Amino acid sequence: MARRKKIYEGKAKILYEGTEPGTLVQYFKDDATAFNAEKKATIEGKGVLNNRLSEFFMTGLTQIGVPNHFIKRINMREQLIRAVEIVPLEVIVRNFAAGSMAKRLGLEEGTPLPRPIVEFSYKDDALGDPLVPEEYIIAFGWATQQDMDDIVALALRVNDFMSGIMYGVGIKLIDFKIEIGRIFEGDFMRLIVADEISPDSCRLWDMKTGQKLDKDVFRRDLGNLTDAYTEVARRLGVMPNNVSPATKPTLIN
Ligand code: TMP
């Protein structure tokens with residue numbers, strides 16, 4: 001079989017050309033990074049779990065009418081997705097203060113916010129993905145005002161869906177990040193949810209104990225990341241085969 005063309009390699013995923021025009025194959029690596037790749041490790045089984053979990057969330061979003069890039073799972077680590085033009089923003093929705101917001105405002109992590117807050121970072125690793133106001137986004141032409149209205153509406157629908165799904169399995173959705181892509185259909189452009197939705201890009205706390213079940217386990221050295229993601233998958237009834245729960249991270253840097 002001919003070697004597939006690699007289109008893009010990021011920190012946690014690789015994109016290959018797809019089987020049909022307008023599609024890509026998204027491969028989930030076991031690599032984990034934090035703090036703009038200052039901290040790195042390979043965590044056995046993470047890619048398999050995120051492939052299944054992203055499939056689960058994106059399929060649910062499709063079922064409630066939230067457009068997204070997911071087409072179908074191909075194998076343990078790969079899924080077929082729609083090729084999109086990524087809007088260069090990290091769209092973050094927060095329900096409770098945590099992470100960079102807690103730090104910036106001196107709030108205790110877990111403080112409920114008066115309403116969901118949507119914020120944007122400009123996707124640029126060299127700059128460390130700086131937080132940007134909507135005014136910058138529009139002035140620099142990364143998105144139009146209409147795009148931003150659509151993006152906020154999409155982000156809030158994803159938030160309601162994800163909060164509800166997680167509530168049902170005893171998990172509090174603290175915050176999450178999504179990315180948005182453009183697809184072109186004739187003269188029309190549509191914005192859809194792209195990239196991935198997984199515990200790599202959410203904060204998930206056990207409702208009773210407050211135990212962290214997301215990438216903060218890796219960022220803050222709180223235990224075994226595969227165990228945490230496996231617990232999320234188990235509660236949601238998404239159990240990939242062949243993931244040994246007790247694998248230890250191998251430090252590669
Ligand atoms: P933050 O509190 O560090 O700004 O993170 C907010 C949310 O965004 C949190 O759920 C983790 C997620 N996130 C990413 O997915 N990628 C990133 O590079 C960062 C910094 C955060």
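Whatever order the structure lists them in is the order used to number ligands and atoms, beginning at 1. Just so you know, these numbers come straight off a predicted model, no measurement behind them. Any value given below was found using the heavy atoms of this structure, including those in side chains, with hydrogens, waters and symmetry copies removed.
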- Is it true that Lys215 lies under 4.0 Å from ligand 1, counting heavy atoms only? no

- Test item, Lys103 contacting ligand 1 (heavy atom, 4.0 angstrom): no

Please could you name the atoms of ligand 1 that [X] approaches to less than 4.0 Å, counting only its heavy atoms?
X	answer
Gly99	2 (O)
Phe176	10 (O)
Glu90	16 (N), 17 (C), 18 (O)

- Message: Using every non-hydrogen atom in the two residues, find where Leu53 and Tyr229 come nearest and quote the distance to one decimal.
- Response: CD1-O, 4.2 Å

- Under 3.5 Å between some N or O of ligand 1 and some N or O of Arg94? yes

- Does CD belonging to Gln145 count more than 12 external heavy atoms closer than 6.0 Å? yes

- Message: Do Thr144 and Asp147 pair up side chain to side chain, a donor and an acceptor below 3.5 Å, judged on atom types alone?
- Response: yes

- Message: Checking Asp160 against Ser163: is there a side-chain donor and acceptor pair closer than 3.5 Å?
- Response: no

- Item | With Leu89, the side chain to side chain contact (heavy atoms under 4.5 Å, CB included) member among Glu119, Glu179, Met148, Glu134 | Met148

- Note on the structure: Note: Ala102, heavy atoms under 4.0 Å from ligand 1, region reported as neither

- Query: Who's closest to atom 3 (O) of ligand 1 heavy-atom-wise, of Arg203, Arg219, Lys177?
  - Reply: Arg203

- Going by the angle between their ring planes, with limits at 30° and 60°, are Tyr27 and Tyr16 parallel, tilted or perpendicular? perpendicular

- Message: Parallel, tilted or perpendicular: which one describes the rings of Phe140 and Tyr136, with boundaries at 30° and 60°?
- Response: perpendicular

- Query: Among all protein non-hydrogen atoms, which one is nearest to atom 10 (O) of ligand 1, and what is the separation to 0.1 Å?
  - Reply: Asp175 OD1, 2.6 Å

- How close does the nearest protein non-hydrogen atom get to atom 4 (O) of ligand 1, and which residue and atom is it? Ser100 OG, 2.6 Å

- Query: Within the structure, does at least one protein heavy atom fall under 4.0 Å of atom 20 (C) of ligand 1?
  - Reply: no

- Item | Main-chain N/O of Gly181 paired to His69 side chain as donor or acceptor, under 3.5 Å | no

